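The structure appears right after this line, and notes come after that.
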Amino acid sequence: MKHEQAAAASGPAVAISGLNKWYGKYHALRDVNLTVAAGETIVICGPSGSGKSTLIRCINGLEQHHQGTIVANGLTVGEDARTMREIRKNTGMVFQHFNLFPHLTALQNCTLALTRVRGYGRAEAERIAQNFLERVRMGDHIRKYPSQLSGGQQQRVAIARSLCMKPRIMLFDEPTSALDPEMIKEVLDVMRTLAQDGMTMICVTHEMGFAREVADRVVFMDGGTIVEEAPPAEFFSAPRHERSQRFLAQLLH
Amino acid sequence: MDFVDILGNIWSGFGTTAGVVALALLYGIPFALVFGTLQHELTGWRRFAVTSFIEFWRSSPIIVLLFVFYYSLPMIRIELSALAVGSMVLGMNIGGYGTQAVRAGLQALDRGQKEAGISLGLSPLQNLLLVQMPQALRAGIPTYINLLIQLIKGTVLVSLLSLADMTFRAKEIAQITFTPAPAYSALLLSYLIICYPLTILGRYLEQRHGSTERRQDV
Amino acid sequence: MFDLQFLADAFPVILESLGTTLWVTIASCALAVVLGFMLEILRRSSRQFGFVFRFVTDFIRSTPILVQIYFLYFVLPQFGVTLPALVIGVFSLGLYYSAYLAEVFKAGIDAVPRGQTEAAQSLGLRWTDQVVRVIMPQMLRHIAAPMGNYFVSLLKATPYLAVIAVPEMLGAALELGSDTFRYAEPMVATEIIFLVLAIGIAQLVRVLEIRMMRSAKR
């Protein structure tokens with residue numbers, strides 16, 4: 001499609017400028033500006049209520065913004081339903097609570113969008129799905145239902161489900177917050193591999209170890225604005241703002 | 001006959017409608033309370049007997065049940081007025097649904113409540129009356145309101161036994177004046193006036209307290 | 001005196017109309033499902049006029065079905081719409097129960113976690129696929145039992161259509177009664193048939209419900 005070619009050629013994967021959002025009277029996002037280049041891994045952190053989840057949910061239209069623009073892969077968010085579907089085709093989202101479809105097997109969870117959105121035939125869709133499920137090391141469980149899988153396994157299937165669509169951007173909304181500690185590592189490993197393979201990733205997470213090792217940039221949000229943005233080395237060793245310092249102090253306790 | 005006259009005429013039948021409702025409740029409420037509790041407490045063949053009795057009243061179509069009793073009772077020498085038969089059948093039918101609500105309320109009750117009562121030395125009967133029932137009943141209020149609405153709507157059937165309730169009056173007017181539209185519109189309006197506030201009330205209470213069972217009404 | 005022989009003879013006569021009763025139930029049920037679903041979807045998606053659809057369902061549930069049947073049967077012709085009694089019957093039953101099923105659909109849709117819609121949206125699925133492939137399969141578990149119960153209620157409501165001369169079972173029984181001047185036996189026969197049907201189907205619904213709970217994937 002014309003759009004896709006244009007997007008591939010031009011600049012940043014995601015460009016957010018002047019973003020504002022209100023929940024009634026509550027100003028949830030205040031003048032947020034953020035640019036994410038293709039292939040970059042961004043970690044967004046901050047205290048709860050800082051607007052970090054709201055921000056990434058605005059990118060694929062799960063939340064609607066009131067002012068400002070978001071351009072994802074050359075397409076503007078919020079224009080119309082058709083554009084939104086196009087954006088969502090190329091943006092993957094991984095949720096805190098996995099949101100796997102419980103009535104479908106792992107394989108079917110992955111093939112649903114492949115057949116209904118990308119238009120693949122069933123055999124081809126299953127081939128692609130199996131490939132990605134093996135990549136997240138769930139190849140032995142493709143015919144299992146979510147209820148038969150552990151949290152970590154479900155989340156990996158959820159990641160595979162998004163990857164099958166061959167997205168240009170992957171959004172992660174606290175992907176390990178609902179997992180037992182033993183399972184966090186397996187999910188972070190998958191995410192690390194993804195980042196190393198060059199995927200553009202925007203992750204909201206509390207996993208600072210992951211941020212330190214994998215992120216190209218750390219974005220710290222508080223009270224609906226971006227307080228500080230820096231490469232992890234800088235951010236963790238010498239945070240410039242008082243609020244960032246306080247946050248880090250609490251976290252690294 | 002203009003619309004207001006029609007309404008007035010229909011409402012002259014309100015007394016009968018209200019009377020049927022009141023009388024029906026006299027059957028239905030004790031039935032629901034006693035048999036609902038019995039169904040909750042009993043086991044084995046006794047429970048089966050109770051359940052069968054309840055199911056008979058609950059699973060029958062009311063209109064058929066009405067005719068059954070209206071025509072059969074005289075055969076065993078029981079001569080009851082249409083009002084008496086109608087009220088009894090409607091009452092027992094609603095009571096049948098009521099037993100399920102009472103039972104659900106008792107089941108949903110925290111077991112700890114029953115145990116607390118017993119630990120205090122209450123007799124089983126006192127425990128039931130003072131501790132379990134009040135809570136079970138309070139939880140079921142939205143359901144009971146729905147059943148009341150169901151009962152009020154059910155009184156329409158007594159018009160088929162020639163009882164002069166609101167529906168009977170409306171039919172009369174429709175037949176006499178050859179203009180069914182105002183008569184039946186007025187009738188719809190009349191029931192709406194009675195039942196709509198109850199519907200709203202029921203929904204409001206349900207939202208506030210949550211319901212203990214899925215509403216299963218006619 | 002009650003004539004057992006006549007009772008036995010009445011069964012085949014009444015059962016001749018069983019087919020009509022059954023297919024009226026099925027047709028009305030199908031209509032109720034479609035209308036009910038539409039009502040709920042429309043209520044949900046319309047921010048300005050959602051309350052209108054809510055009022056429509058409240059209106060239908062606050063007025064007796066018999067009155068609605070009378071209204072549709074007698075008033076529609078006044079506006080030039082003359083339909084056979086059967087059609088009016090199916091339509092009124094379907095309309096009445098659609099209001100109840102709308103509530104069932106509401107509860108069913110609400111029972112599916114919001115995250116499911118979000119995941120489906122995030123994958124780029126269009127609205128129809130979201131509903132048909134993600135929401136509805138998960139809804140099924142929550143709506144199967146209530147819908148089964150309303151099916152039984154619908155079945156028990158078909159005798160109301162006797163008042164507009166639809167050839168279902170109660171109508172057949174009334175005809176038999178008026179031919180022989182003995183109403184009790186046909187009524188009892190009808191009652192027995194309905195009891196068997198209602199309790200039988202209710203049991204089936206319960207078995208289905210248990211099956212669904214067992215194979216619940218999640």
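Residue numbers begin at 1 in each chain, while the letters A, B, ... track the order of the sequences. What you see is a predicted model, and the numbers here were worked out from it, not measured in a lab.
Judged by distance alone, the side chain of C:Gln116 and the main-chain N or O of A:Leu100 form a donor-acceptor pair under 3.5 Å. A distance-only check finds no donor-acceptor pair linking the side chain of A:Arg88 to the backbone of C:Ser122 [under 3.5 Å]. Between the side chain of A:Asn99 and the main chain of C:Gly115, a donor-acceptor pair closer than 3.5 Å is present. Looking only at distances, no side-chain donor or acceptor of A:His103 sits under 3.5 Å from a matching main-chain atom of C:Ile135.
Atom CD of A:Glu182 is surrounded by more than 12 heavy atoms from other residues, nucleotides or ligands within 6.0 Å. Within 6.0 Å of atom CZ in C:Phe55, more than 12 heavy atoms from other residues, nucleotides or ligands are found, so the atom counts as buried in its surroundings. Remark: C:Arg44 CZ is packed, more than 12 non-hydrogen atoms of other residues, nucleotides or ligands lying under 6.0 Å away.
Pairing each heavy atom of A:Leu62 with each of C:Gln121, the nearest pair is CD2-OE1, 3.3 Å.
For A:Arg57, the part lying near chain C is the side chain, with the backbone staying farther off; criterion is any non-hydrogen pair under 4.5 Å. A:Phe95 touches chain C through its side chain: at least one heavy atom from C-beta onward sits under 4.5 Å away, while N, CA, C and O do not.
Atoms CZ and OG1, from A:Arg116 and C:Thr128 in turn, are 7.0 Å apart once rounded to the nearest 0.5 Å. To the nearest 0.5 Å, atom CZ of residue A:Phe101 and atom CD of residue C:Gln138 are 8.0 Å apart. We find the CZ-NE2 distance between C:Arg114 and A:His97 to be 13.5 Å, quoted to the nearest 0.5 Å.
By the 4.5 Å heavy-atom criterion applied to side chains, C:Asp129 and A:Leu112 are not counted as neighbours.
Contact tally against chain A (heavy-atom pairs below 4.5 Å) for C:Val112, C:Val134, C:Leu140: the top residue is C:Val134. Of the residues considered (A:Arg161, A:Met93, A:Gln96), A:Arg161 shows the highest number of contacts with chain C, using heavy-atom pairs under 4.5 Å.
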